Amino acid sequence: MQNLVVIFFLLFASEMSLAQQSYTATAIEEKVPYTMFQASVVKVDITPKDPQWLLGYGPRKSTGVHDSIYHRIVTMDDGINKFVLVSSDICVLSPAEYDRIAAKLEVKYGVGPVNFWWTLTHTHSAPEVGPPGLPEVFMGDRYQHEANPEYTLEVEEKLIKGIGEALKNLEPARLGVGWGFSQANINRRALDIDGKASLGMNPDGAVDRRIGLLRIDREDGSALALISNYAIHGTVLGGQNLNISGDAPGIVSEYVEKKIGAPLLFINGAAGDLAPIYSTYPTPGSGHLGEFRVLLGDKILEANQRILSTTNEVKLNSGAMVVETPRKPGLGWPSDLGDYTRTTDDGKHMVKLPISFLKINDDVAIWSAPLELFNEISNEIRDRSPIPFTFYFGYTNGWLGYLPTSKAWDHGGYEVETVSPFTPSAETDLKEAVLGYLQGQSEDVF
């Protein structure tokens, strides 16, 4: 497997930060009986009180708030393993920021990085959080201003406190899973007659319109939390908008929550080449932002109604691996991301791409990465996975740029030329690694 190094480690291996992890060979996990499943959910408002630099598009400061933004936190406990999933209304984070918080959580609560996933909805109308990371290499002109250190600290403290509250509030629960469908997105790689790609709309391009759904109920059957996985850029509002907003993911979440009486964690998918069908408008009205409550929110509600059975016999198994793939020639690298790159003996620079996995019982497998992944890659992995409910959680535990298909490199465009640290071989390297994990080795690794 050329230019690829895949190293697995299990949940029961040492759970340290990426810089410290001692990876081990695959081992067969001892089978253990089910115990009572418990879960909890916490929703924390992280809307800033003061103007902040917004991330997404060019540098600009907020002047107001259209809708509030949140951390939404779900904790699950199968009696042996505790797993923390966070969805935050933020655009992107540096992996260095994730590593810092993960280290604090391990010390404070004993939850290691393999069991802490911090996902982002990818709204382009939320403040910057933490150091810029890789975006400063790609688009340094956007970062000629002071960061938001006070707001970053507020976001961090509320996250750590919220996770602590969730861990304290675990209660008996049941879990269900299902699929839905929404046409709220569209391929955004517009192709001209010369084959050149640009940001726009491509109704003939590949899409992923599936909604992956996990529902957590209390023992009495009332809703505790909903986890909805859908691929869509948070770009209904464009760069002219200066009001803080969760964009489509935030608007949809608030709408569904009012309908079901419980928090919704919106988990973005492989949205690297997918835009909302109304995209980059100057105002919520001109962008039909409220209509996403129908286009996507109602579709989530319909999918939720089709989940007719839940179980309290739940087993959680998490793991991870690192995929090494060549770095784009001539690309610089941030000093605080030294743990995410390596130089080979013959002088080649490699990206060390962390992939995380969560298997729930025998029918749900979730894999995640700090990427803006092209949806064709996620679609193929899902189609070839032996596990019936295979979900991809994007924008998870940091951001290491766009990972396009190998074919996309022939057409160029923003995602390939500006914001990807990879080469055309990255698609194959990633797919072979993830499918190898999910297919023949799934019984052993999970």
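It should be emphasised that the depicted structure is a prediction, and the values quoted were computed from it without experimental measurement. Worth knowing before you read on, the calculation uses all heavy atoms, side chains too, and leaves out hydrogens, waters and symmetry mates.
Between Lys258 and Glu254, no side-chain nitrogen of the basic residue sits less than 4.0 Å from a carboxylate oxygen of the acidic one, so the salt-bridge criterion is not met. Salt-bridge formation is not detected for the pair Lys161/Glu157: no Lys NZ or Arg NE/NH1/NH2 atom is positioned less than 4.0 Å from an Asp or Glu carboxylate oxygen. Between Glu165 and Lys168, no side-chain nitrogen of the basic residue sits less than 4.0 Å from a carboxylate oxygen of the acidic one, so the salt-bridge criterion is not met. Checked for salt-bridge contact, Lys431 and Glu376 miss the test: no charged N lies under 4.0 Å from a carboxylate O.
At a cut-off of 3.5 Å, with distance as the only test, a side-chain donor of Ser279 or Thr235 sits close to an acceptor on the other residue. Side-chain N/O atoms of Thr423 and Ser425 include a donor and acceptor closer than 3.5 Å. With no hydrogens or angles considered, no side-chain donor-acceptor pair links Asp273 and Tyr402 at under 3.5 Å. Side-chain contact annotation: Asn243 with Ser245, donor-acceptor N/O pair under 3.5 Å absent. A donor-acceptor contact under 3.5 angstrom links the side chains of Arg327 and Thr341, judged on distance only. Residues Asp247 and Ser125 have side chains that never bring a donor and an acceptor to within less than 3.5 angstrom of each other. With 3.5 Å as the limit, one finds a donor-acceptor pair spanning the side chains of Ser385 and Thr390.
Atom CG of Leu358 sits about 5.0 Å away from atom CD1 of Ile366, to the nearest 0.5 Å.
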Salt bridge (Lys or Arg N to Asp or Glu O under 4.0 Å), that's the test. Do Arg72 and Asp89 meet it? Break it down for me. CA-CA 9 Å; Arg72 292 173 172 91; Asp89 293 318; 3.4 Å; yes
Should Asp298 and Tyr255 be marked as a side-chain hydrogen bond (donor to acceptor under 3.5 Å, both in side chains) after you check the CA-CA gap, both sets of side-chain angles, and the distance that decides it? CA-CA 9 Å; Asp298 280 346; Tyr255 172 72; 2.6 Å; yes
Given ring pair (Phe, Tyr, Trp, His ring centres under 6.0 Å), test Phe391 with Trp179 step by step and report yes or no. CA-CA 10 Å; Phe391 304 149; Trp179 290 112; 5.0 Å; yes
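Counting non-hydrogen atoms of neighbouring residues, nucleotides and ligands closer than 6.0 angstrom, the NZ atom of Lys43 exceeds 12 such neighbours.
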